[in-house]
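Since the structure is predicted, the reported quantities are computational estimates derived from the model, not experimental observations.
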Amino acid sequence: MNKFRARLFEIIQIGNDKDAPSRAFDIGITLVIVVNILVAFLMTFDSLDSYRNAFYIIEFVTTIIFTIEYILRLLTADYLYPKKSKAMAVLSFVLSFYGLVDFLSFFPFYLPFVSLTGMAVFRLIRVIRIFRLFRINTQFDAFSVIVNVITQKKKQLMSSVVLILMIMMAASLLMYGVEHEAQPEIFKNALSGFWWSMATIFTIGYGDIYPITPVGKIMALVISFLGVGMVAIPTGIISAGFVEQFAKIDRYRGHEHGRELQYMTGLVNKQHKWLGKTVGEIELPPQSKLVLVVRAGKMILPYDEMVMEVGDVTVVVSNNQLDDDISLNEIIMTDNDKWVGKTIEDIELTPNEIVVMIKRNGEIFVPNDKTVIGAKDCLIVYSAD
């Protein structure tokens, strides 16, 4: 039974491209999600009332599939949280973000005692299922970059949000004090001013509340200028984060200092002590850093909240001068490149650079000094500044 549950977990959770049943499950559940959401949209059109029975049947079938999937995830929760007991593993999954999303995707369907209006509201909750599309996408792509940027810049983003809220509160109180006597029915309290400040700072401009006194208009002009600057702060933070993330992949440059890098690779199996831990929880020796995770054939730059899973291949780089400034560079060989035909030990790299992975014909492998570089190979080079 345990062997069966372990295999079941690999199919529904890991998402390995080379595992046909796992890949089929990912594709199948993605199609079910898309169909479920599409039906939710189509059911809002009165012109399609003649197809309503068909829509209900499709909704019923997809909801049953979501329910079965949720039960399977409960049965294999202890493999997702191997450090916890079965009961605590189930509870951890139920209370997790994706556990709640899974639950809300089907539970409202089983509430027949709710009125039709209520069912319409609960049906909208099921649209949360769209976030499951992103969960299947575990490769390092545009969405992964967004997640990494938000995760790494969360403190700066929170600071900018707090600053914006402070300005909104100050603006609402000031506008209430200036406009209350002139428009007591509009600026009834500070909350009315808060609504105005939100619409102004974020340039929504509903026009339902606006100042009419000269002082109020001057204040509105100043606050509008401040609002543009404040809203630009989180935009700048995210933009800088994107530049940093893509620079780790696309930049290739030499270094003239430091000592030779060393690296080691490892496989996270079901008995590995890293399984179920986040990258931030992993204890590494001094001057060592986990710099790459290969999951289901896809390279992922590790971040603190990333949870290690069965089958992950890890790359740890170390030297006695290692700091956090490590760059990942992808170098794609062309037919006429001078490195083509040479071995790894014969190519010209600085002491602080090392080839840790090679992508060839869609496959990723760890090279050795005698590995010959071929045309169209993609070399994954780590360098420490």
If we only count heavy atoms from C-beta on, is the Y70 to V94 side-chain gap below 4.5 Å?
yes
Of all pairs that satisfy salt bridge (Lys or Arg N to Asp or Glu O under 4.0 Å), the ones with a partner from residues 154-180, not counting sequence neighbours:
K154-E305
Testing the basics here: between M308 and R295, what is the closest heavy-atom pair and its distance to 0.1 Å?
CA-NH2, 4.1 Å
How long is the straight-line distance from OG1 of T278 back to OH of Y303, given to the nearest 0.5 Å?
10.5 Å
Salt bridge (Lys or Arg N to Asp or Glu O under 4.0 Å) with K86: which residues, sequence neighbours excluded?
none
Using the test side chain to side chain contact (heavy atoms under 4.5 Å, CB included), find all partners of S159 that sit at least two apart in sequence or belong to another chain.
none
Kindly write out the residues that satisfy salt bridge (Lys or Arg N to Asp or Glu O under 4.0 Å) with D49, not counting sequence neighbours, or none if the list is empty.
R52
Joining Ile, Leu, Val, Met, Phe, Trp and Tyr whenever any side-chain heavy atoms lie under 4.5 Å apart, the cluster holding L226 also takes in V222
How would you list all residue pairs meeting side chain to side chain donor-acceptor pair (under 3.5 Å) that involve residues 216-239, not counting sequence neighbours?
none
Applying side chain to side chain contact (heavy atoms under 4.5 Å, CB included) to L100 and not counting sequence neighbours gives none
Beyond-backbone contact of F9 with L72, side-chain heavy atoms, under 4.5 angstrom:
no
For V372 against R360, the heavy-atom pair lying closest together:
O-NH2, 2.9 Å
When rounded to the nearest 0.5 Å, the distance separating CD1 of I233 from CD1 of I237 is 7.0 Å
How long is the span from the CD1 atom in I223 to the CD1 atom in I218, to the nearest 0.5 Å?
12.0 Å
Heavy atoms, side chains only, cut-off 4.5 Å: are M333 and I331 in contact?
yes
Kindly compute the distance separating CD (E185) from CD (Q183), expressed to the nearest 0.5 Å.
6.5 Å
Within a radius of less than 6.0 Å around OH of Y210, do more than 12 heavy atoms belonging to other residues, nucleotides or ligands occur?
no
Heavy-atom closest pair (A77 atom, F93 atom, distance to 0.1 Å) is CB-CB, 4.3 Å
Can you confirm whether L284 sits close enough to I282 that some side-chain heavy atom of one is under 4.5 Å from a side-chain heavy atom of the other?
yes
Quick one: salt bridge (Lys or Arg N to Asp or Glu O under 4.0 Å) pairs with a partner in residues 264-280, sequence neighbours left out?
E10-K270
Exercise: identify the closest heavy-atom pair between D102 and R73
OD2-CD, 3.6 Å
Tell me which pairs pass side chain to side chain donor-acceptor pair (under 3.5 Å) where either residue lies in residues 160-177, with sequence neighbours left out.
none
Before giving the answer on side-chain contact (heavy atoms from CB on, under 4.5 Å), spell out for N269 and L275 the whole-Å C-alpha distance, their side-chain angles and the decisive distance to 0.1 Å.
CA-CA 7 Å; N269 55 32; L275 180 63; over 6 Å; no
Kindly say whether L379 contributes a backbone atom to a donor-acceptor pair with the side chain of D377 at under 3.5 angstrom?
no
In terms of hydrophobic clustering (I, L, V, M, F, W, Y; side-chain heavy atoms under 4.5 Å; direct or indirect links), are L221 and M168 co-clustered?
no
Return the minimal non-hydrogen interatomic distance between P211 and M175, and the atom names on each side.
CB-SD, 3.9 Å
Rounded distance (nearest 0.5 Å) linking atom OG1 of T314 with atom CG of L267
8.0 Å
Could you see if I167 belongs to whatever hydrophobic cluster contains F225? Use Ile, Leu, Val, Met, Phe, Trp, Tyr and a side-chain cutoff under 4.5 Å.
no
Start with the C-alpha gap between V294 and M357, add the side-chain angles, then the distance that decides, and say whether side-chain contact (heavy atoms from CB on, under 4.5 Å) holds.
CA-CA 10 Å; V294 180; M357 294 280 180; 3.9 Å; yes
If you group Ile, Leu, Val, Met, Phe, Trp and Tyr by side-chain heavy-atom gaps below 4.5 Å, do I64 and I37 land in one group?
yes
Taking a hydrophobic cluster as the set of Ile, Leu, Val, Met, Phe, Trp and Tyr residues connected by side-chain heavy atoms closer than 4.5 Å, whether directly or through intermediates, do M219 and I212 fall within one such cluster?
no
Determine whether F4 and F25 fall in the same hydrophobic cluster, where Ile, Leu, Val, Met, Phe, Trp and Tyr are linked whenever their side-chain heavy atoms lie under 4.5 Å apart.
yes
Test item: P21 and R7 side chains (from C-beta on) under 4.5 Å apart, heavy atoms:
yes
R5 side-chain N/O to L75 backbone N/O, donor-acceptor pair under 3.5 Å:
yes
Please tell me if the side chains of L174 and V178 come closer than 4.5 Å, counting only heavy atoms from C-beta onward.
no
Excluding sequence neighbours, so at least two apart, what forms side-chain hydrogen bond (donor to acceptor under 3.5 Å, both in side chains) with D346?
T343
What pair of heavy atoms forms the shortest contact from K153 to G241, and how long is it?
CE-CA, 3.9 Å
Set of side chain to side chain contact (heavy atoms under 4.5 Å, CB included) partners for Y51, sequence neighbours left out:
L48, F55
Any donor-acceptor pair under 3.5 Å linking the side chain of S96 with the backbone of G99?
yes
Does a side-chain heavy-atom distance below 4.5 Å link V268 with V310?
no
Could you work out, with side chain to side chain contact (heavy atoms under 4.5 Å, CB included) as the rule, every residue matching I238, not counting sequence neighbours?
V149, L157, F242
Atom CG in N36, atom CD in E59: separation rounded to 0.5 Å?
6.5 Å
Report yes if some heavy atom in the side chain of I29 is under 4.5 Å from a heavy atom in the side chain of I65; otherwise report no.
yes
